Visitor: 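This is the structure I want to talk about, given as C-alpha cells.
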Amino acid sequence: MHITPEIEDRIKRLQEKYEAMGQDMSSYLDGLLYADFLTYWDYIHLDTLLSLQSPKTPLPDEEIFIMYHQITELYFKLAIHECKQIVNHEALTVEFFVARLKRINNYFEALTNSFSIMVEGMEKEQFLKFRMSLLPASGFQSGQYRMIEIYATDFINLVAKDKREELKDASIEEQFEYIYWKFGATELSTGKKTLTLKQFEKKYGIIFIDLGKYCSKRNFNNLLAVLKENGADTAALETELRRFDTQVNVNWPLAHYKSAVRYLHREPEEIKATGGTNWQKYLPPRFQKRIFYPSIWNPDQIEEWGKSWVENVLSSI
Ligand code: HEM
C-alpha cells in the first residue's frame, strides 16, 4: 500500500496529539478500525426524536398539536443558543451582534410564517376534545419563551406596564413579583393564581431570577447602550433589534392569538383556555405593550404598538 505524504503528515500530527496527552496512538487507531460508520439516524438521534410524541387521546390531530409545539421549542432552543453567544461574548462587536440577531430573527420569522399549521391545520371539533385531557398544561408554561425575553431586555421592561415606573430601581426579585405574565394567569372567577401559573413558578421561578441577574449588565438592551457609549455605529444593529422586537412582541404573539381566536372564540361566551387566563384581554400585544427597546421606537410607534396588526389579523379570520 502506498502511503502518500498527506497521510504521513496526518499520522505524524496524530502521533504528536496523542503523545502530548500521554496516550498510545495505536490503541486509538484500533478504535477507528473497529468502530461502526456513523449513520444519519444515529447522528441526529432520529429514533429518539420520533418516539417523543405521546398523545393523551386517540384523536389524530392531537399529534399535530404536540409536534408543532416540539418544533417551536427546538426553534426557541436555536434562538437561545444565539442569545448565549451574544451575551457571553468577551469582545462583542456590532458585526457579530447583527449576524447572530439575524439568525434569531430568521427563526422567529419561520415560526410566525408556519403558525398556519396550528390555525388551519387541525379540526376544531378534535381540538376542543383533546385539549380537555391536557388541563391545566398550557404553552403559557414555555420556559424557553420567557428566557429569550430575559436575554433580550432589561428585566424592568418585562414588568407589567403600570408597575414599570414604580419598580424601575427595584431588585430583580421584586420586579419578578410583577412580571407581566403573572397578571395573565389569574383565575377568571376568583382572581387567584391559576394552577398553571403556580406550577410554572415552582419549576422556573429561581431559574428566571438567576438568569435575570446574570443578564442585568449584558442583556441585548444593555449591550446596545454599551456599544453606543463606546462610539460604535449601531444603525444596522438597531434595524435588526427593531425586527426582533416586532417579531417577538407583535408578529409571533399575533399569529398565536389567531389560533386562540380560531379555536376558542364562541358567541356569546368565549371558551375557557386550558391555562385559565382571560385570553382575549391577555394575549393581544396592544394590551401588554411588551417592548424590548423603547429607546429605538418613536412615541407614535409605541402608542400604536400592535394595533394595526391586530386589526389586520382579526379581519382576516
Ligand atoms: C391551537 C393552538 C393554540 C392555542 C388555541 C393556544 C392558546 C393559548 C392561550 C389561550 C394562551 C393563554 C394562556 C392560557 O390560558 O392557556 C396561550 C398562551 C401561550 N401559548 Fe398558546 N396556543 C396554541 C398554540 C401554541 C403553540 C404552538 C405554542 C408554542 C410553544 C404556544 C405557546 C404559548 C405561549 C408562549 C403562551 C404565553 C403567551 C404570553 O404569555 O403572552 N401556543 N396559548
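Order of appearance sets the numbers: ligands from 1, and atoms from 1 within every ligand. This chain uses plain numbering: 1 for the first residue, then up along the sequence. None of the values given here were measured: they were computed from a predicted structure.
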Visitor: Could you tell me the residue and atom name of the protein heavy atom closest to atom 35 (C) of ligand 1, and the distance to it rounded to 0.1 Å?
Guide: G139 O, 3.4 Å
Visitor: For atom 15 (O) of ligand 1, find the nearest protein heavy atom and state the residue, atom name and distance (0.1 Å precision).
Guide: T277 OG1, 2.5 Å
Visitor: Which one holds for S138 and ligand 1: side chain close, backbone close, both close, or neither close, with close meaning a heavy atom under 4.0 Å?
Guide: side chain
Visitor: Relative to ligand 1, is L264 under 4.0 angstrom through side chain, backbone, both or neither, heavy atoms considered?
Guide: side chain
Visitor: Any atoms of ligand 1 less than 4.0 Å from a non-hydrogen atom of Y68? List them with their elements.
Guide: 27 (C)
Visitor: Under 4.0 Å between a side-chain nitrogen and a carboxylate oxygen: does that hold for E269 and R266?
Guide: no
Visitor: Any Lys/Arg nitrogen of K12 or E8 sitting under 4.0 Å from an Asp/Glu carboxylate oxygen of the other?
Guide: no
Visitor: Any non-hydrogen atom of R131 lying under 4.0 Å from ligand 1?
Guide: no
Visitor: Identify, by atom number and element, the atoms of ligand 1 in contact range of M122, meaning under 4.0 Å from any of its heavy atoms.
Guide: 1 (C)
Visitor: Taking only heavy atoms of H69, which atoms of ligand 1 are found under 4.0 Å from at least one of them?
Guide: 24 (C), 25 (C), 26 (C), 27 (C), 28 (C), 29 (C), 30 (C), 31 (C), 42 (N)
Visitor: Take the angle between the ring planes of F115 and H256 and call it parallel below 30°, perpendicular above 60°, tilted in between.
Guide: perpendicular
Visitor: For atom 42 (N) of ligand 1, which candidate among R290, H256, R262 provides the closest heavy atom?
Guide: H256
Visitor: Hey, does W252 sit under 4.0 Å from ligand 1 if you only count heavy atoms?
Guide: yes
Visitor: Could you tell me whether ligand 1 has any atom less than 4.0 Å away from a heavy atom of A260?
Guide: yes
Visitor: Give me the atom names and distance for the closest heavy-atom approach of I86 to L223.
Guide: CG2-CD1, 3.8 Å
Visitor: To which protein heavy atom is atom 9 (C) of ligand 1 closest, and what is the distance rounded to 0.1 Å?
Guide: L283 CD1, 3.9 Å
Visitor: Atoms of ligand 1 less than 4.0 Å from Y263 heavy atoms?
Guide: 1 (C)
Visitor: Between K124 and ligand 1, which residue portion shows a heavy-atom distance shorter than 4.0 Å: side chain, backbone, both, or neither?
Guide: neither
Visitor: Check the side chains of S116 and E120 for a donor-acceptor pair under 3.5 angstrom, ignoring hydrogens and angles.
Guide: no
Visitor: State the atoms of ligand 1, each with its element, that fall below the 4.0 Å cut-off from a heavy-atom position in R146.
Guide: 37 (C), 39 (C), 40 (O)
Visitor: Is any side-chain N of the basic residue among E62 and K129 closer than 4.0 Å to the acidic one's carboxylate O?
Guide: no
Visitor: Between Y178 and D162, is there a side-chain donor-acceptor contact under 3.5 Å, judged purely by atom types and distance?
Guide: no
Visitor: Taking only Lys NZ, Arg NE, NH1 and NH2, and the carboxylate oxygens of Asp or Glu, determine whether E240 and R243 approach each other closer than 4.0 Å.
Guide: yes
Visitor: Could you work out, for atom 39 (C) of ligand 1, the closest of W181, F140, Y282 by heavy-atom distance?
Guide: Y282
Visitor: Starting from atom 30 (C) of ligand 1, locate the nearest protein heavy atom and write down its residue, its atom name and how far away it is, to 0.1 Å.
Guide: T72 CG2, 3.6 Å
Visitor: Please tell me whether Y145 and T72 have a donor and an acceptor in their side chains that are separated by less than 3.5 angstrom.
Guide: no
Visitor: Hey, is E177 close enough to K163 for a salt bridge, meaning N to O under 4.0 Å?
Guide: no
